[in-house]
Number of protein chains: 2
Amino acid sequence: MTRKEILGKTFELINDYQSSVASGEKSVINYHQPHQLKDKIDLKLPSKAGNYDNLFSDIEKYMKHSVHTSHKQFLNQLYSGENLPALIGEFITALTNTSMYTYEVAPLATLIEKELINKMCRIAGFTDGGGTFTTGGSNANMLAMMSARNKLLPDIKKNGLMGAQTLAVFVSDQSHYSFDTAANILGIGSDHVYKIKSDSHGRMLIEDLVKAIETSLIKGETPFFIAATAGTTLLGAFDPLDEIAEIAQNYKIWMHVDGSFGGSIILSTKYKYLFNGIERADSFTWNPHKLMNVPLIASVLLVKEKDRLLKNLTNLDTDYIYHDNDVQEYNLGKQS
Amino acid sequence: MTRKEILGKTFELINDYQSSVASGEKSVINYHQPHQLKDKIDLKLPSKAGNYDNLFSDIEKYMKHSVHTSHKQFLNQLYSGENLPALIGEFITALTNTSMYTYEVAPLATLIEKELINKMCRIAGFTDGGGTFTTGGSNANMLAMMSARNKLLPDIKKNGLMGAQTLAVFVSDQSHYSFDTAANILGIGSDHVYKIKSDSHGRMLIEDLVKAIETSLIKGETPFFIAATAGTTLLGAFDPLDEIAEIAQNYKIWMHVDGSFGGSIILSTKYKYLFNGIERADSFTWNPHKLMNVPLIASVLLVKEKDRLLKNLTNLDTDYIYHDNDVQEYNLGKQS
């Protein structure tokens, strides 16, 4: 088979799959227990390279046993649907197969990322903001917490946290578990992530936040990071951003907004008021793969201070990749 | 245009691009400075949705101004070429658009990942090993260092590193900068990453490694992580794994092998000897996107101890996603 025939057959498979999912012929899932599925499918890699007929038959099995996430009845994971132009974008990305660390190796992709980050910053009211695309909302939340940690204690990127003051993080009891994970990764410890009570709608209770900060200060800790949630996982609740911003400002604490689920609501004329106060935050996680139907894993971390992410860097002696030239500000790998 | 026509046109573009790159008609790159490229391309998002003719014309511009990474003269980033079955795999992945946190939402993909991890572990000599696909070699190296940190001090995931003993990391002076970055992220600090001298071929000098460990112990630090490199970035050098394993064992230090660049050489009958001793390591980074031409970002972290990555977890109270059922061991999100 020629490359053209192989791609032609692939496109047929892709088209047939999507048409049959859209038509409702297929159920969302045809569930099998792991041992049942293992019995049905031969997972062993062949010792020699197979042919394309094998590949196509494997693809058909894969499609058959996938959960059909673009099915109109798929609601499990807070994302759904198919965004066709974005899917085509993914195909082109895989085809051109480049990486984003330097402008030199991804010139137009770099300009597109910068344009999108600027546009999203303007929407968030970060008039001189910056940011980066990340590998998911959890990663964006971790990077936000790291930025706050390294801003407060710039030397710890070199010295480490051993011997440092005890840091404290504040989130609502409805917040995503990625904040515990981030505190674990960053050496802060999940016991120093305080879960503030929420009201019956799932919104963080402001008076409890203040009490928790005061208690932490009395214990001798350093409160440094408050994460509000814009769209909680279970209830879709929005924490009161403006009130939280007031407290963050009073206590000089970094304010983050986790919009992993609900971030795209900022584009709604009707519900934009839920983001009142976002422009006072220091960082904002926004995942177009949820609610905007862009394929996984489209996620963004925006920061209010344009160059903040660059300051997370260790001192890199990597002249083989980051040449000292006039496109420095376009080498996005330095802030990712 | 129907969905079928749109996909048909997309496939034509994909096919034409690749044929012209393969034929050598195109140069690897047609370089423009950022301001020149901005003048040529309108990056502004339209205020209304555009039509597919605009999309196709944008794709043509994107392809024209991309670095042609599958060109036979592209050698810049330690990867190259096109692996057609893997490219098709990427298309199918984008189409089916699922995530890997639970078996329920990605049943066959989960079994495939487990099969591949098992096979790669067997090749590395990790007879009862485990592992995970990661978002790149830097991420895999970070996860290895985190696993070593959390094994040595299991309480720090809850308590944090404040007040802990000073940890020390050992790599060669030819190692990748991701180890400095990992030490920064993990709260260990890049000043505690000791760069051991290498010989004229770029291989870590064993006597200098021993001296550095002894000096660190005298300073009262806790050496906990040695990373050997299997294929250094600049010279492609392989550190002597067996000798390093001996030292790691003597001092009870986690041994990691960074095969981000050279890992796939383990499949070579002729050069497999360069990996002598790998079976004594605790973890191994291997990126099929380099040397095996799989599209970015195919990267793997293997660990010798099957359940080690699970032990990195904070105590998750997430019963909405990880149900207490009999497919627990298939919920890969718990170890990623």
Side-chain angles (χ1 to χ4, degrees), chain A residues 4 7 10-11 14-15 34 37-38 43 45 55 59 62 65-67 69 76-77 85 87-88 90-92 94-99 105 107-108 111 115 119 135 146 156-162 164 166 177 180-181 184-192 234 295-296 314 316 318 320 327 330, chain B residues 4 7 10-11 14-15 34 37-38 43 45 55 59 62 65-67 69 76-77 85 87-88 90-92 94-99 105 107-108 111 115 119 135 146 156-162 164 166 177 180-181 184-192 234 295-296 314 316 318 320 327 330:
Chain A
K4 193 166 181 173
L7 279 180
T10 303
F11 284 116
I14 289 175
N15 203 55
L37 198 51
K38 279 183 191 170
L43 291 162
L45 288 173
L55 177 68
I59 289 174
Y62 185 83
H65 293 287
S66 283
V67 176
T69 60
N76 181 333
Q77 307 286 340
L87 178 66
I88 292 170
E90 285 285 307
F91 292 168
I92 302 299
L95 175 76
T96 50
N97 192 35
T98 193
S99 188
V105 77
L108 194 44
L111 296 187
E115 180 70 19
K119 173 131 193 166
T135 59
M146 180 181 172
I156 58 164
K157 60 189 178 189
K158 300 183 76 181
N159 300 344
L161 274 166
M162 297 82 69
T166 299
Y177 66 84
D180 282 338
T181 304
N184 171 2
I185 294 170
L186 296 169
I188 291 159
S190 58
D191 277 359
H192 303 120
L234 295 185
L296 293 157
T314 30
L316 298 186
T318 49
Y320 65 87
V327 297
Y330 292 93
Chain B
K4 193 166 181 174
L7 279 180
T10 303
F11 284 119
I14 289 176
N15 203 54
L37 198 50
K38 279 183 192 171
L43 291 162
L45 287 173
L55 178 68
I59 288 174
Y62 184 82
H65 292 287
S66 282
V67 176
T69 61
N76 180 334
Q77 307 287 342
L87 178 65
I88 293 171
E90 285 285 307
F91 291 167
I92 303 299
L95 176 75
T96 49
N97 192 35
T98 192
S99 188
V105 78
L108 194 43
L111 297 188
E115 180 71 18
K119 173 130 193 166
T135 59
M146 179 180 172
I156 59 165
K157 59 189 178 190
K158 298 184 76 180
N159 299 344
L161 274 165
M162 296 84 68
T166 299
Y177 66 82
D180 282 339
T181 304
N184 171 2
I185 295 170
L186 295 169
I188 291 159
S190 58
D191 277 359
H192 303 120
L234 295 184
L296 293 156
T314 32
L316 298 185
T318 49
Y320 65 87
V327 298
Y330 292 93

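Only heavy atoms go into these numbers, but all of them, side chains included; no hydrogens, no water, no symmetry mates. In what follows, chains carry the letters A, B, and so on, assigned in the order in which the sequence lines appear, proteins first and then strands, with residues in each chain numbered from 1.
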Task: Among the listed options A/Leu45, A/Ile88, A/Leu55, the residue most often paired with chain B at heavy-atom distances under 4.5 Å - done: A/Ile88
TODO: Compare every heavy atom of B/Tyr62 with every heavy atom of A/Leu108, then report the nearest pair and how far apart it is.
DONE: CD2-CA, 3.6 Å
- [ ] Answer with side chain, backbone, both or neither: which region of B/Ser99 has an atom nearer than 4.5 Å to a non-hydrogen atom of chain A?
- [x] both
TODO: Indicate the atoms forming the closest heavy-atom contact of A/Met162 with B/Ile188, along with that distance.
DONE: CE-O, 3.5 Å
Task: Engaged part of B/Lys4 at the chain A interface, taking heavy atoms whose separation is under 4.5 Å - done: both
Open item on the list: Using modelled atom types and a 3.5 Å cut-off, is there a donor and acceptor pairing between side-chain atoms of B/Thr69 and backbone atoms of A/Asn97?
Closed with: yes
- [ ] Identify which part of B/Ile14 has an atom lying under 4.5 Å from any heavy atom of chain A, answering side chain, backbone, both or neither.
- [x] both
Task: A/Glu115 versus B/Leu43, closest heavy-atom pair with distance - done: CG-O, 3.5 Å
Task: chain B contact via A/Ile59 - which portion, at a heavy-atom distance below 4.5 Å - done: side chain
Task: Top contributor to chain B contacts, counting heavy-atom pairs under 4.5 Å, from A/Leu296, A/Thr10, A/Leu87 - done: A/Leu296
- [ ] Give the minimum heavy-atom separation between B/Asn159 and A/His192, together with the two atoms involved.
- [x] O-CE1, 2.8 Å
Open item on the list: Between B/Thr96 and chain A, with a heavy-atom cut-off of 4.5 Å, which part of the residue counts as in contact: side chain, backbone, both or neither?
Closed with: both
Open item on the list: Please enumerate all residues that pass ring pair (Phe, Tyr, Trp, His ring centres under 6.0 Å) together with B/His65, with sequence neighbours excluded.
Closed with: B/His32
TODO: Output the option from A/Thr98, A/Thr166, A/Leu186, A/Asn184 having the highest count of non-hydrogen pairs under 4.5 Å with chain B.
DONE: A/Asn184
Open item on the list: Quick check: closest heavy atoms across B/Leu37 and A/Pro107, and the distance to 0.1 Å?
Closed with: CD2-CB, 3.7 Å
Task: Which portion of B/Thr135 sits near chain A, non-hydrogen atoms under 4.5 angstrom - done: side chain
TODO: Check whether A/Ser66 gets within reach of chain B through its side chain, its backbone, both or neither, counting any heavy atom under 4.5 Å.
DONE: side chain
Task: For A/Ala94 against B/Pro295, the heavy-atom pair lying closest together - done: O-CB, 4.5 Å
Open item on the list: Measuring from atom CG of B/Leu111 to atom NZ of A/Lys38, what distance do you get when rounded to the nearest 0.5 angstrom?
Closed with: 6.0 Å
TODO: Using a cut-off of under 4.5 Å on heavy-atom pairs, state which of A/Ile92, A/Ile156, A/Leu95 scores highest against chain B.
DONE: A/Leu95
